[in-house]
Amino acid sequence: MGESRSKLVDLDWLESNFPCMQACPVHTQAGRYVSLIAQGKYEEAYRYARSPNPLASICGRVCGHPCETACRRGALDSPISIRALKRFVTERYGPESRNPVDVFPNKPKITHSERVAVIGSGPAGLSAAHDLALLGYPVTIFEASSVPGGMLHLGIPEYRLPRDVVQAQIREILDLGPELRLNSRLGNFSLQDLKAEGFKAILLAIGLHRSRDLPIPGHDLDGVIKGVDFLLNVNLGYRFSIGKRVAVIGGGNVAIDVARSALRQQQQQTLETLTSSLLPDSLSDSELQVAMKELTDVTRTALRLGALEVHMVCLESRKEMPAFEEEIEEAQREGLTIHPSRGPKRFTGQNGKVTGLETVHCTSVFDSQHRFNPTFEEGTESIITCDTVILAIGQASDLSFLRSEDGISIPKR
Ligand SMILES: Cc1cc2nc3c(=O)[nH]c(=O)nc-3n(C[C@H](O)[C@H](O)[C@H](O)COP(=O)(O)OP(=O)(O)OC[C@H]3O[C@@H](n4cnc5c(N)ncnc54)[C@H](O)[C@@H]3O)c2cc1C
């Protein structure tokens, strides 16, 4: 008998043969769509990229691309630019494109009577609603905010993720059937109310919308603000005034977004001041456009010359910073000053308002068991003068809506 060519495919085999696919949380067949793109079969490639991923267009822009980290090509020279290739096909055929391809052309029929409530319309809630709709469940999404998308809209800055892409992706999901109720915060109604309304299952997909506090002396001074509050206000288009010298505490991707958004906010504020004081009221639209362009350049130059400053302070050394290297480099090019290996010790203030951040040299962040346990070198204190400090040192869930009768226990961590 000839040797059988069939092979039992198990997790070990998949991991060693398709590390990119295994690294992807939704197991996208990255190798497959990359090859299809190489063959010029773009639409088919889009179908492979989109099928397992309700947020393919968004991931093509901002996903952390663990597939590229795992890509075996990286051992030879550099990994395949899988995320950029995904963006390429989603820009051609995604819901944001001119020729959107409907991967699920037949609107799913409701085949189950059990109603499901999803709390939160971020990536987790939207993906669950998408998959439940495909399975035939009637789904209602309850969203506290006035806009859907969670951190896609409220957190990630617009210069990295255009809002029309987010809106198109959400529209595509809602077209499958889920109902979306905005301005509907769980807490203003209870889990018991939802059960009484007939929901048989409730998914809590509420994200992490509370910035961690930093309980060091001076933390309650005016001008010490939380990263999530800052981003939410900026991203919802509310006026949020910051100073000319800003310190951001944190070394991760969120801290970088906070710092870069602060730079833009400062530019915007300066631009508005310059516009109102320098430009005559009688300019035509085209004259105004030219003048605004010049003023934008002036503001950027002022920023680079130090008239506006954003400092980033983090415990990690420059090499250890958890933020993506490309993001750090871009932020530095925009004028951000990084102070690595510095721990915040206290906020200084005058008349109730923050005037500076005292930091101390951080000798190590983790102990020998790799637990977070920073150590500092006394006598190395120095002060960064600033009028605003933004905390971006991590987030937590706001679970204040839970009541004892809900019977949900929360583990300590
Ligand atoms: C500044 C920033 C930048 C980021 N950049 C990236 C990136 O580049 N790449 C990447 O992959 N990830 C990035 N992330 C992480 C990513 O945004 C999150 O992992 C993702 O949004 C988590 O999805 P989620 O659905 O769990 O929560 P969220 O996106 O936070 O959504 C939760 C939703 O629940 C709603 N909600 C909360 N409480 C209630 C309530 N009681 N009742 C009703 N609704 C409620 C909120 O309003 C929100 O809309 C970033 C995060 C931030 C903050």
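A salt bridge (charged side-chain N to carboxylate O under 4.0 Å, His left out) check over residues 52-64, counting only residues at least two apart or in different chains, returns the pairs Arg61-Glu91, Arg61-Glu96. Sorted by first and then second residue, the salt bridge (charged side-chain N to carboxylate O under 4.0 Å, His left out) pairs involving residues 389-405 (not counting sequence neighbours) form an empty list. Listed by first then second residue, pairs satisfying ring pair (Phe, Tyr, Trp, His ring centres under 6.0 Å) with a partner in residues 112-165 read Phe104-His130, His112-Tyr137, Phe142-Phe189, Phe142-Phe199, not counting sequence neighbours. Listed by first then second residue, pairs satisfying salt bridge (charged side-chain N to carboxylate O under 4.0 Å, His left out) with a partner in residues 366-386 read Lys345-Glu378, Lys345-Glu381, Asp367-Arg371, not counting sequence neighbours. Pairs engaging residues 247-263 under the salt bridge (charged side-chain N to carboxylate O under 4.0 Å, His left out) rule: Arg160-Asp257, Arg260-Glu327, Arg260-Glu330, Arg260-Glu334 [sequence neighbours left out]. Applying the side chain to side chain donor-acceptor pair (under 3.5 Å) test to pairs two or more places apart or on separate chains, none has a residue in residues 212-227.
The only option from Val228, Ile249, Val248, Ile225 that meets the side-chain contact (heavy atoms from CB on, under 4.5 Å) definition with Leu391 turns out to be Ile249.
Annotation: side-chain contact (heavy atoms from CB on, under 4.5 Å) contacts of Ser382 (sequence neighbours excluded): Arg342, Thr359. Scored by the salt bridge (Lys or Arg N to Asp or Glu O under 4.0 Å) test, Asp164 finds no partners at all (sequence neighbours excluded). Residues passing the side chain to side chain donor-acceptor pair (under 3.5 Å) test with Glu329, sequence neighbours excluded: none. In this structure, the ring pair (Phe, Tyr, Trp, His ring centres under 6.0 Å) partners of His339, at least two apart in sequence or on a different chain, are His311. The side chain to side chain donor-acceptor pair (under 3.5 Å) check on Glu43 picks up Arg47, with sequence neighbours excluded. In terms of the ring pair (Phe, Tyr, Trp, His ring centres under 6.0 Å) criterion, residue partners of Phe88 (sequence neighbours excluded) are, by chain and number, Tyr42.
A donor-acceptor contact shorter than 3.5 Å is absent between the side chain of Glu68 and the backbone of Pro79.
A parallel orientation is assigned to the rings of Phe324 and His65, their planes being inclined by less than 30° (bins at 30° and 60°).
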